[in-house]
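All remarks here apply to the structure that follows.
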Amino acid sequence: MSVDAVSATTTSSTSAASSAQEQLTVDYEAFLQLMMAQMQNQDPTDPVDSSEQLAQLASFSQVEQAIETNSKLETLLANMSFGQVDDLLGRTVTDANGTTGTVESVEIYDDGTVLGLDTGEGVLLGSGVKIS
């Protein structure tokens, strides 16, 4: 079984999520600085509506929560994929093209799972694949 491919995929997903989180932190700090500058320099005779400022802050908070949720979902999906690998090893697989063989290895990528067969061929796990 090729563990390197699985590790690389998990690392890239994790690094993408952490990169998004780091970027959000930078953007959040810039947003707060911009909001403070706006409050300090507003026209006293025509102040900015506080409800508008709160709406902007709430919108930014929603984006932050969405990124955090995506990160947790990526981790959950990766863990589920690893748990299903044992069930596939040793099973007979037939794809829509008629390629048949016994599963010897499983490689998990961001865009799908490839089953390595005893015939040396690979089958992309998806619709039309029969596992017995």
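What you are looking at is a predicted structure, and each value in this text was computed from that prediction instead of being measured.
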Using modelled atom types and a 3.5 Å cut-off, is there a donor and acceptor pairing between side-chain atoms of Ser59 and backbone atoms of Ala55? yes

To the nearest 0.5 Å, what is the distance between [atom1] on [X] and [atom2] on [Y]?
X: Arg91; Y: Leu117; atom1: CZ; atom2: CG; value: 13.5 Å
X: Leu76; Y: Ser71; atom1: CG; atom2: OG; value: 11.0 Å
X: Asp95; Y: Thr100; atom1: CG; atom2: OG1; value: 7.5 Å
X: Glu68; Y: Leu73; atom1: CD; atom2: CG; value: 10.5 Å
X: Gln65; Y: Asn70; atom1: CD; atom2: CG; value: 12.0 Å

Stepwise, does the side-chain contact (heavy atoms from CB on, under 4.5 Å) test hold for Leu88 with Leu125? CA-CA 10 Å; Leu88 296 173; Leu125 186 60; 4.2 Å; yes

Heavy-atom closest pair, residues Leu89 and Glu104: CD2-O, 3.6 Å

Side chain to side chain contact (heavy atoms under 4.5 Å, CB included) with Val106: of Thr113, Val114, Asp87, only one passes, and it is Thr113

